[in-house]
Amino acid sequence: MNDRLDLYNRKRRFDDTPEPAGTRARRKPAGRKTTRQAAGEALSYVIQEHDARRLHYDFRLELNGTLLSWAVPKGPSLDPSVKRLAVHVEDHPVEYGSFEGEIPPGNYGAGSVIVWDRGTWEPVGGAAEAARSYAAGKLKFHLHGEKLHGGWTLVRSHMRGSGDKEQWLLIKERDDEARDESDYDILKKRPGSVLSGSASVAKGEKTTTAASKTARKTAASDAKSTAKRGGKSSAKAASSTRADPRRPDIVATRNTQSLRELAATPSIEGAVKARLPTTFKPQLATLVDAAPPGDEWSYEIKFDGYRVLARIDRDAKGSAVKVFTRAGNDWTAKFSKQVKAFEQLGIESAWLDGEAVVLDPNGVPNFQALQNAFDANRPQDIIVYLFDIPFLNGYDLRGVPLEQRRAILHALMEDVDDSVLRFSNNFDFSAEDLLRSACDMALEGIIGKRRDSGYLSGRSSTWIKLKCRRRQEFVIGGYSEPSGSRAAFGALLLGVYDSKGNLNYAGRVGTGFDAALLRSVKKELDAHATKRMPFAAVPRERSRTPVHWVEPVLVAECNFAEWTSDGIVRQASFVSLRNDKPARQIVKETPRQGADVQQQTDSISDDAPKKRAARKTSGSNVAAAGKTTAAKPKTAKSPTTAPPAEVAGVRISHPDRVIDKSSGARKIDLVQYYESVAEWMLPHLKDRPVSLVRAPEDIGGELFFQKHSQKLSIPNVTQHPGLDPGHPPLITVDTIKALVGAAQMGTVEFHTWNAVASNIEKPDRAVFDLDPDAALGWERMIEAAQLTRSLLEELGLTSFCKTSGGKGLHVVVPLAKQAGWDEVKDFSQAVAQHMAATLPKYFSAKMGAQNRKQKIFVDYLRNNRGSSTVAAFSARARPGLGVSVPLAWDEVAGTTGGDQWTIENLHERLAELKSDPWADYAKTRQRITAAMKKRLNDAQ
DNA sequence: GCCCGCA
DNA sequence: TGCGGGCAACGCGAT
DNA sequence: ATCGCG
Ligand SMILES: [Mn+2]
Ligand SMILES: [Mn+2]
């Protein structure tokens with residue numbers, strides 16, 4: 001039986017998509033040949049470019065009446081040295097090979113499909129042999145397509161892809177058709193469809209695939225062509241049509257040349273002679289949910305990037321150009337390429353305002369890519385879009401209308417190197433149209449600015465931002481009980497079906513309802529109440545209130561900010577119940593990717609990457625006099641603590657709340673524990689960025705991980721803006737007040753980075769986190785720690801041991817702040833791998849439970865930049881509230897478990913200690929040497 | 001635990 | 001006023 | 001290509 005097409009047919013709804021329905025592979029209309037090869041006909045070959053969730057190329061070869069298919073994420077390469085991953089996917093009907101068009105949202109594989117190449121293929125050894133080769137996992141063949149020719153190999157790798165997908169590799173054979181990837185990228189050189197007129201290649205027109213896919217519908221692209229047609233400068237065009245007639249506009253009427261002359265001494269109306277300030281605060285946009293009426297606004301695309309201010313001053317001693325973040329951090333060093341371009345603007349002095357972005361392969365600004373570019377120190381990948389010029393050549397232009405400032409800026413940028421510096425255009429469309437286009441293109445939103453406004457530092461209403469919200473239907477699978485005075489229910493539990501028919505949990509929505517809606521929705525919920533949990537897997541969240549299930553038949557339309565990578569919606573807001581669509585058809589809709597923003601718009605701005613907390617370094621240094629200074633060990637529980645209490649000068653709310661049911665420990669006990677160990681603990685926290693595990697209710701309830709300062713919520717912690725680009729400041733806990741303050745805020749665990757804030761790129765320690773298979777006895781852990789120590793010692797490194805407070809031990813290696821993150825990480829990986837290689841019965845260097853059966857996982861991954869490990873003396877949010885405790889090596893053998901000490905009993909140990917078991921830690925001066933690396937290398 | 005957005 | 005949601009992100013390894 | 005884990 002040939003059932004290979006069943007899956008394909010099941011995944012699609014044929015009444016709803018323009019794709020061909022598969023006829024049975026072998027059952028054909030009368031008169032048609034049984035199979036092509038039987039008749040000696042050539043076998044067809046096709047590559048379809050499929051712009052689905054992920055852009056990929058479907059590589060298909062006809063054999064035995066169907067199309068064998070692989071998804072090749074990166075497409076084919078003519079370079080024999082380049083292997084391209086090809087994920088084996090289900091067979092497709094032969095007819096599908098000529099399909100080109102849109103697969104509507106909601107259908108499997110939604111997105112656009114074009115036939116990128118087609119022709120015939122010829123298996124080496126003939127068709128009969130091909131079936132065997134295919135089964136054996138190695139196909140050699142020749143292609144006769146319009147784009148691809150010559151010999152190719154598809155080989156099944158030993159690797160396995162996700163699901164039950166086989167991983168194959170697509171490789172060009174060495175022959176006359178082969179080309180070096182670096183000198184000929186066929187995907188770039190021959191984009192587009194080989195069918196019909198959309199083959200831009202035919203005309204030799206250079207078009208990116210993303211642009212060709214989306215250009216047709218975006219207002220932005222129209223904007224560009226309009227601007228292009230209208231003249232050299234769209235900014236100029238804009239101002240000439242929009243200038244306020246009451247104010248004679250000396251800028252609007254000028255051409256570029258004339259504007260540049262004007263720029264040399266911009267003493268125009270509104271400009272004031274002024275010295276160039278040394279610091280400058282940017283103007284920020286206010287979030288609004290609807291565009292204001294009227295045409296006084298011009299719009300720009302909101303970039304998902306990082307706000308930068310450039311200061312140019314040729315009179316300055318030192319370098320003329322400096323680049324600052326919004327918070328005023330000097331990031332000049334990260335923008336070496338851009339600095340050169342700034343120098344070439346021919347400006348004497350200025351403040352320039354813009355946004356740094358990295359465009360992803362689709363031409364969409366991508367914040368993650370930007371971070372990567374910073375991390376990898378690749379300034380050449382970064383493009384700075386400039387949109388304003390508040391100071392120029394001795395004049396303060398903040399009083400000059402926006403349009404005129406921008407016209408001058410644009411003129412100045414006429415000849416700039418646009419690979420690193422660009423002018424960000426504006427669009428004179430209706431905000432609605434532009435926003436829709438922007439959202440279509442998976443951009444974040446748009447920025448509106450009053451045409452006639454001056455430049456106002458800080459948050460203001462003359463700049464606004466309109467954000468894209470996603471919107472789609474969800475299946476309601478349950479609801480949580482209301483709390484307080486809320487009626488009916490708290491939130492709806494949402495789900496979407498996947499292609500296999502599983503209803504996957506997709507988060508919850510608890511807002512957007514008014515009282516009437518709550519009531520009417522509840523009525524529906526009650527009508528469909530069930531004991532049966534409808535999701536494929538129980539949602540793994542911990543709900544604040546109990547949940548109830550309903551049959552998965554109700555459909556809720558919601559809007560939301562975005563999907564998380566876990567398939568959960570963020571910031572969902574209820575819109576309405578829908579009964580026009582069967583629940584079974586509700587699937588995750590993915591926004592269309594693509595749209596080369598750079599080509600289509602040249603546009604830009606935004607106020608800042610992500611929300612960033614307001615600046616504040618709180619007065620943690622104001623030492624509270626007397627009683628609360630040094631930790632006076634207050635070990636025992638306070639017998640009766642009348643709420644609210646005060647500890648170390650910090651008010652403690654709900655002191656008597658039980659936070660650990662298993663031990664009965666109360667919030668005040670944890671707070672007092674931290675107060676009592678502050679003296680011991682603070683040296684481990686000081687100046688070290690910290691992530692917090694917080695449990696505001698109790699450790700059995702909702703836990704969350706906090707890496708950045710949340711607005712100003714935790715009192716007394718120190719904030720470090722700029723260390724983690726694009727995020728609110730990182731936090732350090734440097735004082736007892738901060739420590740207790742954090743505990744007051746529900747912090748249970750403190751996890752520290754392997755570097756200090758003052759030298760964030762140079763880790764000062766490496767950590768080996770020994771994680772045991774649950775089945776192993778503690779002796780094995782002791783032995784493992786000692787073996788780890790021996791190896792390190794052998795290499796010449798002194799190490800220190802502490803309990804984890806949970807199940808294992810940590811071995812910590814102090815290092816001089818010398819090597820970078822990568823080097824330390826690579827070294828620690830080498831150590832872990834060496835251990836796994838020499839004692840494979842004892843150690844594994846691979847994470848994952850199945851790699852650790854009867855073994856101990858040497859977790860070196862804690863040594864990544866931004867990773868953290870639970871700090872010494874931190875409690876753990878687990879039953880019993882274990883504590884991570886530093887040990888002398890000669891004590892290790894006598895330990896009984898990773899959670900041997902708890903917030904309850906640690907004081908006993910501390911009271912008995914004669915000296916700090918880690919007394920030598922601070923004195924240890926050592927670094928990773930080439931010799932050490934070599935020994936590890938040679939050994940393995 | 002607290003800030004924010006929404007009713 | 002009171003409620004609910006957010007409060008990390010990234011590498012690794014499996015399938 | 002995507003999921004789950006830590
Ligand atoms: Mn596909
Ligand atoms: Mn561990």
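All chains are named by letter (A, B, ...) in the order of the sequence lines, taking the proteins before the strands, and each is independently numbered beginning at 1.
For DNA chain C, the neighbouring residues in residues 698-707 of chain A, judged by any heavy atom under 4.0 Å, are A:E702, A:F704, A:F705, A:K707.
Going from atom NE2 of A:H708 over to atom C1' of C:dA8 covers 7 Å, rounded to whole Å. Distance A:L518 CG to B:dA7 C1': 9 Å, rounded to the nearest Å. A straight line from CZ of A:R486 to P of C:dC3 spans 9 Å, rounded to a whole angstrom. Taking atom CG of A:N559 as the reference point, atom C1' of B:dC6 lies 12 Å away to the nearest angstrom. Summarising the geometry, the separation between CD on A:E481 and P on C:dG4 is reported as 11 Å, rounded to the nearest angstrom. Atom CG of A:L730 is separated from atom P of C:dC7 by 15 Å (rounded to the nearest Å). If you measure from atom CD of A:Q850 to atom P of C:dC12, you get 16 Å, rounded to the nearest angstrom. At whole-Å resolution of the value, CD in A:E697 and C1' in B:dG1 are 9 Å apart.
Among A:L518, A:D514, A:T511, A:L517, the one residue that satisfies the side chain to side chain contact (heavy atoms under 4.5 Å, CB included) test with A:F574 is A:L517.
Scanning atom types as modelled, one donor and one acceptor separated by under 3.5 angstrom connect the side chain of A:R694 and the base of B:dG1. The base of C:dG4 does not come close enough to the side chain of A:R570 for any donor and acceptor atom to sit less than 3.5 Å apart.
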Distances under 3.5 Å only, N/O to N/O: pair up the protein atoms with those of nucleotides 4-6 of chain D.
residue, atom, partner, partner atom, Å
D:dC5, OP2, A:R540, NH2, 2.2

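Residue A:A516 is out of contact with every strand shown, counting any heavy-atom pair closer than 4.0 Å. Within the 4.0 angstrom heavy-atom criterion, no nucleotide atom of any strand lies near A:R651. At the heavy-atom level, A:K667 lies under 4.0 Å from the strands shown only through sugar-phosphate atoms.
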Enumerate, atom names and distances included, each donor-acceptor pair closer than 3.5 Å involving a side-chain atom of residues 476-489 of chain A, sequence neighbours excluded.
residue, atom, partner, partner atom, Å
A:S480, OG, A:A491, N, 3.0
A:E481, OE2, A:H548, NE2, 2.7
A:R486, NE, A:F489, O, 3.1
A:R486, NH2, A:G490, O, 3.1
A:R486, NH2, A:G510, O, 3.1

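Contact annotation: A:K846 side-chain N/O to C:dA14 OP1/OP2 distance is not under 4.0 Å.
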